[in-house]
Amino acid sequence: MKTTNVLITAALLAAGICANAQETLPKQIKAGKERVKARKEIRLPEIDGYKLLKCDFHIHTIFSDGIVWPTLRVLEAWEEGLDAISITDHIEGQPARPAIEKGNHNNSFEMAKEEAARREIILIKGGEITRSMPPGHLNALFVKDVNALDQKDYMKAIEEAHNQGAFIQWNHPGWGVDSIMWHDVHETLFRKGWLNGIEVFNEFEWYPVALNWVNEKNLTLLGNTDVHDVTERLYDFRTTSHRPMTLVLSKDRTEEGIREALFDRRTLVWFYDTLMGKEDLLKKFFQASVEVKPVHHTTPERIYRSIVNHTDVPFLLKRTDKNANGYPETIEIPAGETILIVLPKTGSQPVTYQVDNMIISPEKRLQVQLF
Ligand code: ZN
C-alpha cells in the first residue's frame with residue numbers, strides 16, 4: 001500500500017511538471033502542413049526496349065540483425081525512387097531479438113507486402129543463407145518458402161532454394177576474409193547451376209577480382225546495399241544522389257520480368273557516380289543518355305556544339321586520342337545538364353574518349369567516339 005502511494009505521488013508530480021511545461025508551448029505546435037514525403041524519380045534511359053529497373057537485392061530488418069521494421073524498407077525504397085527490393089534476412093543469424101518472434105523466416109516479407117502493394121514496390125521474397133567462408137553468405141531470391149531453407153547442411157539449403165526456382169547470389173565475396181578466393185565449393189555450386197550471380201559491390205566496397213569472375217564465368221553482376229540501418233543514415237544523400245543498386249534491364253516492371261533478366265544476366269551496377277557492366281550494355285547506356293547536338297555556331301577557327309545528358313548519371317570523359325589537338329582533354333557531363341563545347345574547326349574526327357566512370361573490368365573502361 002505504501003509503495004502504491006509513493007508511485008501515485010510520483011505520477012502526480014510528473015504530471016504537474018508536464019502540465020507546467022505544456023503551458024510554455026504554443027497550443028498548436030504543428031505549424032502548417034505535416035512533412036509530405038515524395039518519391040524521387042531517377043532518370044535512366046531505356047536500352048533495346050528494356051526498362052532499367054532500380055533494385056536492391058540485399059536488405060536486412062529487425063527479423064535478423066537489422067534495426068528497422070520491414071515496412072520502413074518499403075517506404076525508403078519508394079522515396080528513393082526504387083522499383084524493387086528483396087528483404088534478405090539472415091536465416092541463421094537472428095541475434096538478440098528476444099521480443100520478436102523467431103523461427104518464421106517469412107515474417108519480414110509478410111509484414112512488408114501490403115505496404116509494397118500500396119506503393120507499387122516489387123517485393124521479392126528472399127533469404128540469406130549465412131555461413132563462414134567458404135561458402136560465405138548467399139542470397140536466395142524469388143523463393144517461395146524461406147523456412148524450408150533453414151537447414152543444418154548448407155548444400156541442402158542451397159539445393160532447396162534452387163528447387164524453389166531461386167536466383168542465387170554470392171554476397172560480398174571479399175568481406176571478412178584475408179584474401180578473396182574462388183573456393184572448391186563455389187566451383188561445385190557454379191557447375192550445378194546453383195550460383196547465378198555475384199555481388200561485386202556491397203555497402204561501401206567493390207571487389208575487382210569478383211568482377212573478373214563475373215566476366216570469365218558469365219555470371220550475373222549485382223550491387224546492393226546490405227543495409228542494416230536506415231538507408232539515409234548509411235549513405236549521405238547530400239553527397240550521393242542515390243543508394244548503390246543493381247539496374248535490371250527488364251521487359252516490364254514485374255517480378256517475373258526481373259527474374260527473367262537476372263537469369264539472362266542483363267544487369268548493370270550503379271554506385272556513387274560509377275556504372276559497371278558488360279561493354280555492350282554500357283555502350284548502349286551511354287548512347288541512349290548522351291546527345292551530341294549539331295554545330296550551332298562557327299567562327300573562323302572554332303565550332304560550338306552542345307552535349308545533353310538526359311539521365312541522372314554524370315559522365316566523366318578523358319581523351320585517349322593523342323593526336324586530336326585542340327579537343328578537350330577531359331569533359332564532364334553532369335547529370336541532367338547540358339554543356340557547351342568549343343572545338344577546333346578543322347580536326348581529326350572521330351575523337352575517342354574513355355568514360356572513366358564506366359567500368360567493364362578492373363583494367364578496362366568504356367571507350368566512346370564523341371565527335
Ligand atoms: Zn546480408
Side-chain angles (χ1 to χ4, degrees), residues 54-74 76-77 80 82 84-97 100 102-109 111-112 123-143 146-147 149-151 154 157-158 160-161 166-177 180 183 185-186 189 194-207 210 214 219-235 243-246 258 262 267 269 271:
K54 294 135 277 175
C55 309
D56 188 351
F57 298 116
H58 193 168
I59 293 177
H60 293 277
T61 75
I62 201 155
F63 287 92
S64 60
D65 53 351
I67 61 167
V68 311
W69 200 251
T71 43
L72 185 79
R73 292 301 185 211
V74 177
E76 289 173 330
E80 292 173 38
L82 270 66
I85 55 169
S86 185
I87 296 172
T88 52
D89 278 317
H90 296 282
I91 293 164
E92 290 78 14
Q94 305 183 345
R97 302 278 178 258
I100 303 279
K102 286 189 184 185
N104 183 0
H105 303 293
N106 296 309
N107 261 343
S108 39
F109 176 87
M111 289 187 171
L123 184 67
I124 294 159
K125 197 181 231 186
E128 185 168 11
I129 300 165
T130 310
R131 298 293 191 282
S132 53
M133 194 74 83
H137 298 189
L138 299 147
N139 271 0
L141 308 173
F142 311 100
V143 285
V146 192
N147 289 328
L149 276 55
D150 191 355
Q151 307 229 19
Y154 66 77
I158 298 166
E160 172 62 32
F167 175 94
I168 299 165
Q169 158 197 299
W170 181 11
N171 298 341
H172 46 63
W175 174 79
V177 292
I180 178 166
H183 295 268
V185 60
H186 300 118
L189 293 173
W194 295 358
L195 200 166
N196 310 111
I198 305 181
E199 193 179 64
V200 172
F201 183 94
N202 174 279
E203 194 181 43
F204 294 117
E205 57 186 13
W206 76 280
Y207 314 104
V214 164
L219 289 162
T220 303
L221 176 70
L222 299 126
N224 303 303
T225 61
D226 198 359
V227 59
H228 290 68
D229 202 335
V230 175
T231 50
E232 61 181 331
R233 278 164 48 86
L234 189 63
Y235 302 104
R243 74 168 81 180
M245 63 180 81
T246 306
I258 294 172
L262 286 190
T267 60
V269 168
F271 53 95

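Keep in mind it's a predicted model, so treat the numbers as computed, not measured. We count ligands from 1, going down the list as the structure has it; atoms in each ligand are counted the same way.
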*Asks:* Decide whether Glu128 and Asn171 meet the rule of one side-chain donor and one side-chain acceptor closer than 3.5 Å.
*Replies:*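 Looking only at side-chain atoms, Asn171 and Glu128 do form a donor-acceptor pair, the distance falling under 3.5 Å.
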*Asks:* If you take all heavy atoms of Val269 and Leu222, which pair is closest and at what distance?
*Replies:*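 Result for this residue pair: CG2-C, 3.3 Å.
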*Asks:* Output all residues satisfying side-chain contact (heavy atoms from CB on, under 4.5 Å) with Val177, sequence neighbours left out; order by chain, then residue number.
*Replies:*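 Testing Val177 for side-chain contact (heavy atoms from CB on, under 4.5 Å), a comparison that skips the adjacent residues, returns Met133.
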*Asks:* Kindly assign one of parallel, tilted or perpendicular to the pair His172 and His137, based on the angle between their ring planes and the thresholds 30° and 60°.
*Replies:*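 Perpendicular.
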*Asks:* Do any protein N, O or S atoms sit under 2.8 Å from the Zn ion (ligand 1), and which ones are they?
*Replies:*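 Counting only protein N, O or S atoms under 2.8 Å from the Zn ion (ligand 1), the list reads His58 NE2, His60 NE2, Glu128 OE1, Asp226 OD1.
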*Asks:* Ignoring hydrogens and angles, state whether a donor on the side chain of Glu80 or Thr231 is under 3.5 Å from an acceptor on the partner side chain.
*Replies:*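 Yes - a donor-acceptor pair under 3.5 Å links their side chains.
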*Asks:* Do Asp150 and His105 pair up side chain to side chain, a donor and an acceptor below 3.5 Å, judged on atom types alone?
*Replies:*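 Yes, side-chain donor-acceptor contact under 3.5 Å.
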